[in-house]
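One structure, as structure tokens, below. Some questions next.
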Amino acid sequence: MSAVVPEVEVPASEDVLAVTEDVWMALLGDDAPLLPRTVAPGAPFDVAAWSAATTISGGWQGVVTVELDEALARRLTMRMLALPADEQASDSDVADAVGELVNMVGGNVKSLMPGPSVLSLPAVAAGRAAFSSDSALACRVDLVWQDAPVRVSVHVPQEGPR
Amino acid sequence: MRAMIIDDSRAMRSILRRIVTDLDFETSEAEHGQAALDQMYAGVVPDVCLVDWNMPVMDGYTFITEVRANPEWRDVTLMMVTTESEQRQIVRALAAGAHEYVIKPFTPDAIVDKLSLLGLVPA
Amino acid sequence: MTTSTAFASVSALVRRETSMVYDEGKEYLVEARLNPLAAARGLGLEEYVARLAFDADERRKVVDALTINETSWFRDHTPYQAFTDAMLPALLERRQITRRLRIWSAACSSGQEAYSIAMLLDQHLPPGWSYEIVATDISTAMLERVRAGRYSQVEVNRGLPATSLVRYFTRVGRDWEITERLRERVTVKHLNLAAPYVGLGSFDVIWLRNVLIYFEAATKQDILRRMLPMLADDGYLLLGSSETTLDMPADLAAAWQREQIGRVPTYRRASAARSLTPSLTSTGA
């Protein structure tokens, strides 16, 4: 579930998983469990329709990203906004909800790392997340909720010449 | 009772609004600290503010400092509702004048419990 | 094994080992608490229950899972307010010589009651006083949690004042750990409330909240009878908000004298001669 970056402190996969589960439970309740999903290392997220990232900077540097598939993003949004089933969430609603999701995960990841650090406002995009070439994957958690995949990853700055 | 919900996420404001509306609060909303201050200067002074920390334009910490600097608003109860969860952040917010602090993610009960600790809803 | 025989066999097991009663109608609760245990073994609920007859480890887990008391910090608020506003001032006056208080958190579960009391004593006991809180439970898993004094973010988010969180807890990874200063005042003991109370000493205040409801009438009466000598003559017994001694046989109801502190009923030993608590009518700030 995680790649290794030497000499930089990285969050443990199990902590990122637990934080994600807490956020999920609070937003969606426990009527359906968030289950692990087996994905080959290095495989890009296959169904990404929405991605949101937040940057932690200060005592620790890193980027926390959440990617999720279209249907899941919309369901999450409907639930957070309590929209009736016959209504549609707008793209701007989805961007807002997914942004709040990464804000919660990111803030809790920040609290597990050396500080003090600052959490950026979330940046949300439709489509797969783009990762800066000078960053390295520190930790990745692949999950599935009601058949819909979701991925949380943490990237840290790449050390030294590449 | 009137609650002002200050958070840059519409979705989060909607979640908080439903929780406090169930407790018979009237609500107003603002998407950042400055918008909340503008409303308060215009006369919309709530009994309690539920304040996020990280927001554009004016963050929740600055908002709390501003509210506490105005003696006319000394009866306004301030409750942080934020993903900032380091001990030092909680200490800072309390020192700046926040009365309570809820860490995101939260369940509705957490908000209700804290409002009842603050004497804003019957225990 | 069918669902109803599985339920009957589990409720018989819990009753045998703890005297707690799971009547028909509590199937949902048994199911909710046992499903995760069965799933962890990769078994369906009925298969899992059938296996219990041969597996002592799993039996202990089932008893633990079914005897866990829902709990929170300063649950119901008012008993804690009555404790600081009325019981504590009275006890401070009457314990001038020993300057020591002993408190029993019976059926302590994860320890939130015991540590809530510890936080109040830490704030309100004058210098030179000491205290011990004895926390007992039938679940060994719960006792381990009390000893560790570690709580999840979800747990500290509920009902715990933020000032107490930063004053008495330290962040340890994802959890929050209660300060050593309070942990060392809490003594943890394994105890079945339906079995004899041996080696506990006597107490100034007994918190017996929201647990009697799990026992049948005869056991309930037996527990309340055996609680009498556990309480100091001028001590206080606290029950859950839906529990009372009023529906007990006349002699037992008379042995416990109900004394109202604000909205909170407390129970005191009727036989002991003593003056009434000062500030009886106090409802607190």
Side-chain angles (χ1 to χ4, degrees), chain A residues 15 18-30 52 54-60 64 73-83 89-124, chain B residues 5-22 27 29-35 50-63 80-93 95-96 101-114:
Chain A
D15 282 340
V19 161
T20 308
E21 283 172 341
D22 281 353
V23 171
W24 220 259
M25 184 74 97
L27 292 180
L28 294 164
D30 54 2
T54 181
T55 303
I56 298 165
S57 46
W60 187 78
V64 177
R74 292 201 177 267
R75 250 185 304 173
L76 180 81
T77 307
M78 303 277 287
R79 188 74 81 97
M80 288 174 79
L81 287 167
L83 295 179
S90 68
D91 282 1
S92 122
D93 288 340
V94 178
D96 177 282
V98 174
E100 182 61 14
L101 176 66
V102 81
N103 170 58
M104 282 192 250
V105 176
N108 279 280
V109 169
K110 170 165 90 84
S111 73
L112 296 170
M113 305 311 293
S117 300
V118 177
L119 187 71
S120 79
L121 296 172
V124 183
Chain B
I5 299 164
I6 309 161
D7 197 303
D8 54 334
S9 162
R10 250 187 339 275
M12 182 47 67
R13 292 201 302 273
S14 160
I15 290 172
L16 289 169
R17 183 179 60 236
R18 290 196 300 277
I19 297 170
V20 299
T21 304
D22 279 351
T27 61
E29 297 180 23
E31 57 187 331
H32 52 69
Q34 186 58 55
L50 278 56
V51 195
D52 187 18
W53 193 306
N54 296 304
M55 294 180 285
V57 188
M58 181 190 285
D59 66 34
Y61 179 81
T62 311
F63 171 77
M80 294 295 289
V81 182
T82 168
T83 186
E84 293 288 328
S85 49
E86 290 95 331
Q87 200 144 2
R88 64 177 278 283
Q89 296 293 69
I90 305 175
V91 171
R92 274 181 73 200
Y101 201 104
V102 175
I103 301 168
K104 291 179 185 172
F106 55 82
T107 55
D109 304 335
I111 302 285
V112 178
D113 280 359
K114 290 286 170 117

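Below, chains carry the letters A, B, ... as their sequence lines are ordered, and counting in each starts from 1.
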Item to check | Closest heavy-atom pair and its distance - A/Leu81, B/Ala11 | outcome: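 Looks like CD2-CA, 3.7 Å.
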
Item to check | Interchain contact, A/Leu121 with chain B, by part (heavy-atom threshold 4.5 Å) | outcome: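 Contact with chain B involves the side chain of A/Leu121 alone.
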
Interchain donor-acceptor contacts below 3.5 Å (chain B, chain A):
| unit_1 | atom_1 | unit_2 | atom_2 | d |
| --- | --- | --- | --- | --- |
| B/Ser9 | OG | A/Asp96 | OD1 | 2.9 |
| B/Arg10 | N | A/Asp96 | OD1 | 3.2 |
| B/Arg10 | N | A/Asp96 | OD2 | 2.8 |
| B/Arg10 | NE | A/Asp93 | OD1 | 3.4 |
| B/Arg10 | NH2 | A/Ser92 | O | 3.2 |
| B/Arg10 | NH2 | A/Ser92 | OG | 2.8 |
| B/Arg10 | NH2 | A/Asp93 | OD1 | 2.9 |
| B/Ala11 | N | A/Asp96 | OD1 | 2.8 |
| B/Ser14 | OG | A/Met80 | O | 3.3 |
| B/Arg18 | NH1 | A/Met80 | O | 3.2 |
| B/Arg18 | NH2 | A/Met80 | O | 3.2 |
| B/Thr83 | OG1 | A/Asn103 | O | 3.3 |
| B/Thr83 | OG1 | A/Met104 | O | 3.1 |
| B/Glu84 | OE1 | A/Lys110 | NZ | 2.6 |
| B/Glu84 | OE2 | A/Lys110 | NZ | 3.4 |
| B/Ser85 | OG | A/Ser111 | OG | 3.3 |
| B/Glu86 | OE1 | A/Lys110 | NZ | 3.4 |
| B/Glu86 | OE2 | A/Lys110 | NZ | 3.2 |
| B/Lys104 | O | A/Asn108 | ND2 | 3.0 |
| B/Lys104 | NZ | A/Glu100 | OE2 | 2.8 |

Checklist entry - Quick one: what part of B/Pro108 sits under 4.5 Å from any heavy atom of chain A, side chain, backbone, both or neither? => result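 For B/Pro108, there is no contact with chain A at all, as no heavy atom is under 4.5 Å.
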
Next on the checklist: Please report the interatomic distance CD1(A/Ile56) to CE(A/Met113), rounded to the nearest 0.5 Å.
Outcome noted: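 Taking CD1 in A/Ile56 and CE in A/Met113, the distance rounds to 8.0 Å.
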
Next on the checklist: Would you compute the distance between atom CG of A/Leu101 and atom CE of B/Met12 and round it to the nearest 0.5 angstrom?
Outcome noted: 9.5 Å

Checklist entry - With only heavy atoms counted, which part of A/Leu112 is less than 4.5 Å from chain B, the side chain, the backbone, both or neither? => result neither

Checklist entry - Of all heavy-atom pairs between A/Val124 and A/Ala52, which one has the smallest distance, and what is that distance? => result CG2-CB, 4.0 Å

